[in-house]
Amino acid sequence: MPMKVIIIGAGWSGLVAAKIYLQVEPHIDLTILESEETIGGTWSRARIYPSLLAQQRYRRYEYADRNIEIEGENRNAYVPALKIHAYMNEYAEEFGVKQRIRFSTSVSRVVRNEDRKRWDVWIGDGSELMTCDRLIVATGLTSKPVIPNVPSQKSTSKVFHTKELGTHHDHVTSPAVKNVTVYGAGKSAIDAIYSLVTNGKHVNWIVRKGGGGVPLLLTGTADEKASDDFPTSRLSSILHPNLYTDDWWHWALHSGKNFLGQWLHWKYWERATNSMQSNGEYAKSENMAKLAPNIVDHGAYWLNEGITVLTQPDILDWIHRGDQINVHRNTIEKLEGDQVYLDDGSSHCADVVIYATGYDITQPAFSPEDGANLGIPVPIQQCPPEIAAKWDRLEEVADKEVVERFPRLGKPPPHERVSMSHTPYRLWRNMVPLPLLSGEELDRSLVFIGTAKTYSTAIVFEVMALWAVAWMSGRIHPGKSFAEMEHEVAVTGAFSRRRYLNLGHKFTCQFFDFLPIVDHLLQEIGIKSQRKPDAAADFFEPYVPEDYRGIVEEFKKIHGISNDEETREKG
């Protein structure tokens, strides 16, 4: 019988994992379970609306083997969400993936089969059971909205999360709605606000004072050049510490052993921070000043609360004018009638309240006990004490190692630490649960994809998908002990928390160190990681998904997988 493979999620990483698995193992019995009615995950039809754009431009956000058609002549335009959704559908159809998707199919429970080799996946209300030999969880980080606990028993305002803005867009932009409150910071809040003000609505934008603050706001250009090109080059990667290189650049800039190199490096980040802050023009208006990042000292380096690229830069003009957007640094106390009450005693009218309050990254289909054991996030109070104590010990050792190797990370700027409600992801290579590596025989039956916050999602998730398929098909062998792999996981988490402060406590982050990570994953599966035609281009030019075109065929050739088999199933 063919191997039964289930992928949970038909978003960006789920689709490419399915496509690659079929190319490598064309005879598997593959099913994708998707809770939405359409393909896309974040880009599913129900979640997008006309003005929504990706934070990346054409040729930076696409799969390696298929370009998104560019509208007009502007290669530097941001990609419309509607176009991404259509593109993902075309991609899934071209590579024989769409016909294997079961839509409107939610997974309620995942448990180990009694044979201890396979996984039982319960569907919907638990009335249907599917059992698989291989399970890929590709639900990502934006599936389950966080709804704040705001009292609203007598509220007449329509209340929903930004995840549902696509569904409610017609109502929100209709003449019946005049005043909208948006609660939260980040890209989803700004995208919603832009859509609202351009449709004539008045917006009260509420951002809490505490926590990590407001993400760094970038206009997408620096010195009249696209600012998202430089961070994807190897030249940029040497300016950031990472766990995978130990060369002259590390010694000169990050080891603390070269005074001149460290001084020049810090001067660069001082200038970059000043440029980014002036680019946002935080001092230009009282409204905008309320959105200034909490960390000013070399804030571009520390990335305490992420980066938001202003895909519609004219939103800055609306914020500065302050006639349709009023910024408040407050907490919502309650909703009552058509009023929103804030913690300073003030209130205002709201026909609609939109929560841009992020997502819960736990995996509710796994029990808390199983989740804690596997190394996926669970509520802290539900993590067994023995597991918590073990990781406290491992991470204390790992943290000391990170600070010793990268002394600057041991001296972060003052910042308010966010309180965490859940444990972090603790997966080897950010994909494989450690307990599956502890036996004499490696258990290759389960991986997670899309669990890290990263800069170039398209590149990272495609390479991770290929690595995952190589792992599950038995073509990667760790060559190290379980203790060594466990230590690597602890060090990865410690580095993320030190490097990215609050953001690194919330997620495993791979923003500016993504390219060395991609190199490392490709090297482990035998694929050439330097993809440019010559050394100069490889060092200075930005990496884009198309640079990785053909990596699956390269992998098949290296590992002796026949190319004679048809890997795309037609209609």
Side-chain angles (χ1 to χ4, degrees), residues 51-53 55 78 148 150 157 162 165 172-173 177-222 227 273-297 299-300 304-333 335 338-358 415-416:
S51 64
L52 182 62
L53 304 175
Q55 282 194 117
Y78 292 103
V150 176
S157 305
T162 48
L165 182 53
V172 173
T173 57
V177 174
K178 294 179 173 57
N179 299 291
V180 181
T181 294
V182 176
Y183 191 29
K187 182 179 185 295
S188 65
I190 293 172
D191 288 337
I193 291 167
Y194 183 83
S195 177
L196 293 166
V197 295
T198 54
N199 279 281
K201 313 306 173 185
H202 182 270
V203 177
N204 281 288
W205 184 7
I206 317 298
V207 182
R208 293 177 300 167
K209 291 181 182 178
V214 183
L216 192 64
L217 305 179
L218 301 181
T219 59
T221 58
S227 59
T273 299
N274 292 338
S275 174
M276 290 179 180
Q277 289 174 349
S278 62
N279 208 22
E281 298 182 304
Y282 291 105
K284 185 176 178 179
S285 67
E286 182 180 353
N287 225 20
M288 191 68 192
K290 296 175 184 177
L291 300 174
N294 287 3
I295 292 181
V296 176
D297 181 18
N304 184 47
E305 193 58 30
I307 291 176
T308 293
V309 176
L310 300 174
T311 56
Q312 309 276 13
D314 52 328
I315 187 69
L316 289 176
D317 295 331
W318 296 91
I319 295 172
H320 288 311
R321 287 203 306 270
D323 52 353
Q324 277 186 253
I325 302 174
N326 291 103
V327 179
H328 309 261
R329 295 305 300 269
N330 291 100
T331 300
I332 297 180
E333 289 283 298
L335 308 178
D338 65 353
Q339 295 293 302
V340 176
Y341 291 86
L342 306 182
D343 59 352
D344 62 358
S346 65
S347 65
H348 58 262
C349 176
D351 302 306
V352 173
V353 176
I354 302 176
Y355 290 137
T357 43
H415 62 286
E416 182 180 349

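None of the values given here were measured: they were computed from a predicted structure.
- Of the residues listed (N287, I193, I325, L196), the one engaging W318 in a side-chain contact (heavy atoms from CB on, under 4.5 Å) is I325, and it is the only one.
- Within the 4.5 Å cutoff, the side chain of V309 has no heavy atoms near those of the K187 side chain.
- Between the side chain of T308 and the backbone N or O of G186, no donor-acceptor pair lies under 3.5 Å.
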As a quick check of understanding, evaluate side-chain contact (heavy atoms from CB on, under 4.5 Å) for L342 and E333, giving each step before the final call. CA-CA 5 Å; L342 306 182; E333 289 283 298; 5.8 Å; no
Show the numbers, then the answer: is there a side chain to side chain donor-acceptor pair (under 3.5 Å) between N204 and H328? CA-CA 7 Å; N204 281 288; H328 309 261; 2.8 Å; yes
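- With a 4.5 Å cut-off on side-chain heavy atoms, I206 and H348 count as touching.
- Minimum interatomic distance between A300 and T273 (heavy atoms only, all atoms of both residues): N-OG1, 3.1 Å.
- Side-chain contact check for Y183 versus V340: every heavy-atom pair is 4.5 Å or farther apart.
- Here the side chains of T181 and W205 are not in contact, with every heavy-atom distance at 4.5 Å or above.
- Between H320 atom NE2 and M288 atom CE the span is 5.5 Å, to the nearest 0.5 Å.
- Atom CD of E305 and atom NE2 of H415 lie 11.0 Å apart (nearest 0.5 Å).
- The shortest non-hydrogen separation linking P293 to Y282 is CD-CZ, 3.7 Å.
- The distance from the OH atom of Y194 to the CG atom of L53 is 8.5 Å, given to the nearest 0.5 Å.
- Screening L217, T198, L310 against I315 for a side-chain contact (heavy atoms from CB on, under 4.5 Å) leaves a single residue, L310.
- Side-chain contact, D323 with H202: no donor N or O sits under 3.5 Å from an acceptor N or O.
- The line from CD of Q55 to CD1 of I190 is 9.0 Å long, rounded to the nearest 0.5 Å.
- In this structure the side chain of Q339 reaches within 4.5 angstrom of the side chain of C349, judged on heavy atoms.
- D338 contributes no side-chain N or O that, together with a main-chain N or O of A350, makes up a donor-acceptor pair within less than 3.5 Å.
- Between the side chain of K290 and the main chain of V327, a donor-acceptor pair closer than 3.5 Å is present.
- Here I354 contributes atom CD1 and S188 contributes atom OG; the two are 10.0 Å apart, rounded to the nearest 0.5 Å.
- When side chains are defined from C-beta on, Y341 does not count as touching S346, because their heavy atoms never get closer than 4.5 Å.
- Considering every non-hydrogen atom in both K201 and V172, the closest pair reads CE-O, 3.2 Å.
- Scanning all heavy atoms of the two residues, the minimum distance from V207 to G184 falls at CG2-O, 4.1 Å.
- Nearest heavy atoms, R208 versus T331: CG-OG1, 3.8 Å.
- Side chain of Q324 to main chain of V203: no donor-acceptor pair is present (N/O by atom type, distance under 3.5 Å, no hydrogens or angles).
- Residues K178 and D351 are in side-chain contact: their nearest non-hydrogen atoms beyond the backbone lie under 4.5 Å apart.
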